[in-house]
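The structure appears right after this line, and notes come after that.
In what follows, chains are A, B, ... by sequence order, proteins preceding strands, each numbered from 1.
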2 protein chains.
Amino acid sequence: MARSRNTEQKIFDAATELFLEKGVDRTSVREIAAKAGINLALMNYYFRSKENLFSAIFSSLVKKNSEELIHILDSDLKLEEKIRQYVNVYIDMLSENPLLVSFVMAILHRSRERITEMKAVSSLYATEKFTQQVLEEGKKGNIRRTDPSQLFVDMLSLIAFPFAIKMLIRDKNNFTDKEFREFIQERKKRIPEMLIDSLRLKS
Amino acid sequence: MARSRNTEQKIFDAATELFLEKGVDRTSVREIAAKAGINLALMNYYFRSKENLFSAIFSSLVKKNSEELIHILDSDLKLEEKIRQYVNVYIDMLSENPLLVSFVMAILHRSRERITEMKAVSSLYATEKFTQQVLEEGKKGNIRRTDPSQLFVDMLSLIAFPFAIKMLIRDKNNFTDKEFREFIQERKKRIPEMLIDSLRLKS
DNA sequence: AAATTGTTTAAAACTACGTTTAAAACAAAA
DNA sequence: TTTTGTTTTAAACGTAGTTTTAAACAATTT
């Protein structure tokens, strides 16, 4: 008899929501079981431990949310357009799941020393193709010579960080949720402009 | 008889180190007591609870590290020079305590809903003087008209985020600790250039 | 010197959590 | 009907955060 995908999924979904909302360490397995409407022992039947369940969820979240981004970085678009698309898609994705950034960053801190082991994390960073493209356009003189790492870190920072300090921004500007979303939407124009400006050749 | 400041400080220091290193929720009070070389009950004698101790540490850290920054924002420097100084001082500060960003962001997530209550957090954001200055320079036509909030978020993001993803950057570029520090130092030039560029009037 | 006051220790208790186990009940498939 | 996979109930284990109690200790005050 096939094991009920339904139950495993219910645990997975309940845990995902709680982990994002409260953080892994502030979520108890009893809480997950309650939210999933299942028995505590079933947690151990499907996932051997909380840490196991967390790993599965983390990998799944990162994979689900990075595939499209990697695809853009690896595409044949010219650099300017690539940056525009990347920023747009990334911001849309984070807008739909605003807790993702905090979650991932908490994990980066939690697992600081064993990051190399976490394969999923790898896909959060620039691809080889992107790096090469920036170097080549620099050599050709199409853009200013730029360290691809610096450029990519700039881009990531400008996209992701505001979500991590969402509450600070909301609070200080007295933003409603809607106003915060508009603030973020504004950045879809602003960020590519800044980045592309920084790449332009100066007279 | 005055209570021994020494013991209270030992608890405070041990807890600070552990909280930054492992995160609040992964640090036990028994661990803190052990590291401080004191009895478990003394934790309760000086700070009523772990959460209390954490609050004290958080406030102290934020206050200690934000005073100089606020002073710069509130100074009478012209905007360009103000940005340069802010970026420089901030990066130097975070370089000396690279775990600060992760720590503060973990707290921002942990205390998402009760952020308004945390007075310390307030000082992490732009001041009224800075906001006014950006608006006025825009009106005068000295710089492009700019949303001060967006500008400040850009600045914060470019400064702080790289520290939060330090391990990712190190790993992906095969940086040693020294090389990462150089990577960050490079940003002291790069970030003000970008920001000031984005403020320049276009022909 | 004795009493007072503030500090520290040792020991234990309470509740909650992550984990694991045991035994039984249940349901679909062979 | 037996087998196999799923689910429940119940309990146990060690550890954690917290709190309490009682005693010991040290400096100050009387």
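Applying the ring-ring contact (aromatic ring centres under 6.0 Å, His included) definition to pairs two or more places apart or across chains, those involving residues 92-135 of chain A are A:Tyr125-A:Phe152, A:Phe130-A:Phe152.
For A:Asn39, the side-chain contact (heavy atoms from CB on, under 4.5 Å) partners at least two apart in sequence or on another chain are A:Ala41. With sequence neighbours excluded, the residues satisfying side-chain contact (heavy atoms from CB on, under 4.5 Å) with B:Ser122 are A:Lys172. Legend: residues meeting ring pair (Phe, Tyr, Trp, His ring centres under 6.0 Å) with A:Tyr90, ordered by chain and number and at least two apart, are A:Tyr86. With sequence neighbours left out, B:Phe183 forms a ring pair (Phe, Tyr, Trp, His ring centres under 6.0 Å) with B:Phe175.
Note: CG (A:Leu42) to P (D:dT7) measures 6 Å, nearest angstrom. Rounded to whole angstrom, the span from the CZ atom of B:Phe47 across to the P atom of C:dT8 amounts to 12 Å. Atom CE of B:Met43 and atom P of C:dA10 are 16 Å apart (whole Å). As rounded to whole Å, 13 Å separates atom P of C:dT8 from atom CD of B:Gln9.
Proximity of B:Tyr45 to the phosphate of C:dG6: no side-chain N or O atom is located under 4.0 Å from OP1 or OP2.
With contacts defined as side-chain heavy-atom distances shorter than 4.5 Å, the pair B:Val89/B:His71 does not qualify.
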Requested in this report: Treat primed atoms plus P, OP1 and OP2 as sugar-phosphate and everything else as base, then score nucleotides 17-23 of chain D 5' to 3': B for base contact with protein heavy atoms under 4.0 Å, S for sugar-phosphate contact only, - for none.
Outcome: BBBB---
